[in-house]
There are 2 protein chains.
Amino acid sequence: MPASSIRARVRAEMIDEIKAVARRHLATDGANLSLRAVARDMGMVSSAIYRYFPSRDELLTALILEAYQALGDAVAAAVAGPDRLDLRGRWHAACRAARDWALAHPAEYALLYGSPVPGYAAPDETVEPAQRPPLTLVGILRDGLAAGRIDPPAEVLPEPVRADLGELVAAFFPGLPEALLARGMAGWTQLFGLISFDLFGRLNRAVPHRDAYFEHQIGLMADLMGLPA
Amino acid sequence: MPASSIRARVRAEMIDEIKAVARRHLATDGANLSLRAVARDMGMVSSAIYRYFPSRDELLTALILEAYQALGDAVAAAVAGPDRLDLRGRWHAACRAARDWALAHPAEYALLYGSPVPGYAAPDETVEPAQRPPLTLVGILRDGLAAGRIDPPAEVLPEPVRADLGELVAAFFPGLPEALLARGMAGWTQLFGLISFDLFGRLNRAVPHRDAYFEHQIGLMADLMGLPA
DNA sequence: TCCCGTCAAGAGCACTGCTCTCGCTTTTGT
DNA sequence: ACAAAAGCGAGAGCAGTGCTCTTGACGGGA
């Protein structure tokens with residue numbers, strides 16, 4: 001008796017192939033990719049797809065999970081590249097990795113960070129992978145603070161904000177000043193905004209040299225977060 | 001002979017009603033609203049809609065244009081409220097107006113700033129209205145600089161960035177230092193990111209008090225842009 | 001060997017955007 | 001005032017969609 005029966009093996013390969021074909025369709029059709037078209041591309045009848053994914057939304061969820069995984073891995077790998085205390089280098093590397101991944105997989109990025117798909121509600125299993133990129137970014141600040149290379153911001157946060165961020169600090173970065181977390185989240189927000197504007201064509205006419213623009217704007221946020229030059 | 005014939009009057013009313021019904025459907029169906037459903041809601045047959053909008057995309061374009069107009073008006077009105085030299089007040093008012101409009105019209109905001117609709121290419125007529133909000137925001141910086149209340153940033157921009165932003169400066173804000181424009185665009189990017197994260201549910205679990213969070217993060221960007229307290 | 005579970009296939013339902021034709025009414029030109 | 005032209009709603013129809021259900025064939029565990 002094989003550890004995985006022939007059936008199970010074939011089934012796993014089928015699922016992988018469906019996801020691969022669906023990813024291709026995602027690039028042209030966005031979130032309303034067609035199961036029938038995927039089935040056609042695979043030489044099967046549409047109803048057969050439902051043996052592997054009980055609905056179109058489940059297929060979407062699988063693609064979303066894989067995309068989060070890929071983006072999270074890319075950012076994590078980038079952040080681990082430079083010396084641990086080269087804060088600015090790590091910040092830039094992480095941001096660049098996120099943007100590069102997005103430019104290489106625009107449809108998947110849009111699926112993750114674009115408008116929510118009308119009838120679709122992201123299941124809970126997506127929340128943890130979705131948190132990885134911002135957590136990785138803020139991790140740079142944690143490291144810098146621990147090494148004494150970042151001075152925590154002087155400002156005191158107004159109350160409801162401090163309490164909310166305090167919960168996040170307690171859960172993910174014990175000891176991190178809330179004001180520093182706030183600046184880290186600003187950096188993450190800016191990164192998302194820069195990538196989205198770029199990808200969704202908002203800079204098309206205005207800024208021809210988008211790589212350089214991105215690097216500079218990312219550097220501005222590094223200043224705001226207090227990363228030493 | 002009436003200045004506008006009965007037919008023309010009825011036609012204009014029809015177009016308005018179609019847009020109104022479509023806006024309602026937008027809220028539930030997002031960008032894939034259905035012409036047939038709109039027609040059903042109006043008690044007509046689907047083919048009749050095509051007398052008024054030659055395609056679904058044209059209807060979308062009309063909705064997009066009106067949405068840009070509404071958002072642009074809201075931001076412009078907010079910016080004109082406070083004293084002209086109350087830079088921080090104007091910045092906060094403008095950002096708040098944009099967010100309020102987005103929260104009141106989430107589907108329309110998603111149409112403007114969410115993932116691009118798959119088969120749809122925004123016609124040229126949308127580019128000017130799309131520029132209004134950021135131009136209004138940077139206008140605050142122009143006013144502050146002219147009044148001597150903002151010190152232009154000390155940094156020198158790396159070359160391709162300076163040249164690109166120089167074109168924008170020449171076109172829209174003659175005399176404005178490119179570095180200041182860069183910071184204004186960072187503010188606009190951050191505003192878009194904050195609203196999107198809020199609207200697309202990315203803060204749901206993490207930040208319960210989103211109004212206060214928004215105000216604080218917007219204030220951070222005011223600091224970055226050099227707005228005096 | 002037998003039988004149960006899995007599979008692909010096909011038909012079918014309700015829906016979509018869009019086109020075309022058919023009559024009817026309003027507007028326009030003479 | 002009358003006819004031609006243009007605008008209009010209704011309906012049928014085409015190709016496509018997600019999804020369900022039934023049918024028949026095949027493989028693997030007992």
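All figures in this text were calculated on a predicted structure; none of them were measured in a lab.
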Taking [atom1] from [X] and [atom2] from [N], how many angstroms apart are they, rounded to a whole number?
| X | N | atom1 | atom2 | result |
| --- | --- | --- | --- | --- |
| A:Glu17 | C:dA8 | CD | C1' | 15 Å |
| A:Asp29 | D:dT17 | CG | P | 9 Å |
| B:Glu13 | D:dC8 | CD | P | 13 Å |
| B:Tyr120 | C:dG17 | OH | P | 16 Å |
| B:Arg56 | C:dT19 | CZ | P | 14 Å |
| B:Ile6 | C:dT28 | CD1 | P | 11 Å |
| A:Glu58 | D:dG18 | CD | C1' | 14 Å |
| A:Leu60 | D:dG18 | CG | C1' | 12 Å |

### Task
For B:Leu203, check side chain to side chain contact (heavy atoms under 4.5 Å, CB included) against everything at least two apart and list the hits.
B:Phe197, B:Asp198, B:Val207, B:Arg210, B:Tyr213
### Residues forming a side chain to side chain contact (heavy atoms under 4.5 Å, CB included) with A:Pro106, sequence neighbours excluded
A:Leu199
### N/O donor-acceptor pair, side chain B:Arg7 with base C:dT27, under 3.5 angstrom
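It does not, because no donor-acceptor pair links the side chain of B:Arg7 to the base of C:dT27 below 3.5 Å.
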### Under 4.0 angstrom between A:Arg11 side-chain N/O and C:dT6 OP1 or OP2
no
Please name all residues satisfying side-chain hydrogen bond (donor to acceptor under 3.5 Å, both in side chains) with [X], sequence neighbours left out, ordered by chain then number.
| X | answer |
| --- | --- |
| B:Glu66 | B:Lys19, B:Arg23 |
| A:Tyr109 | A:Ser196 |
| A:Thr136 | none |

### Message
Determine whether A:Arg99 and A:Asp211 satisfy the following criterion, salt bridge (charged side-chain N to carboxylate O under 4.0 Å, His left out), listing intermediate values before the conclusion.
### Response
CA-CA 9 Å; A:Arg99 178 166 178 265; A:Asp211 291 11; 3.0 Å; yes
### Task
Scan residues 30-51 of chain B against DNA chain D and write down, sorted by residue number, each residue with any heavy atom closer than 4.0 Å; if none is found, say none.
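Within this stretch, B:Arg36, B:Met44, B:Val45, B:Ser47, B:Ala48, B:Arg51 sit under 4.0 Å of the strand.
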#### Entry: Ion pair check, A:Arg132 and A:Glu128, cut-off under 4.0 Å
no
### Task
Scan B:Tyr52 against the nucleic acid and name what it touches under 4.0 Å (heavy atoms): base, sugar-phosphate only, or nothing.
sugar-phosphate
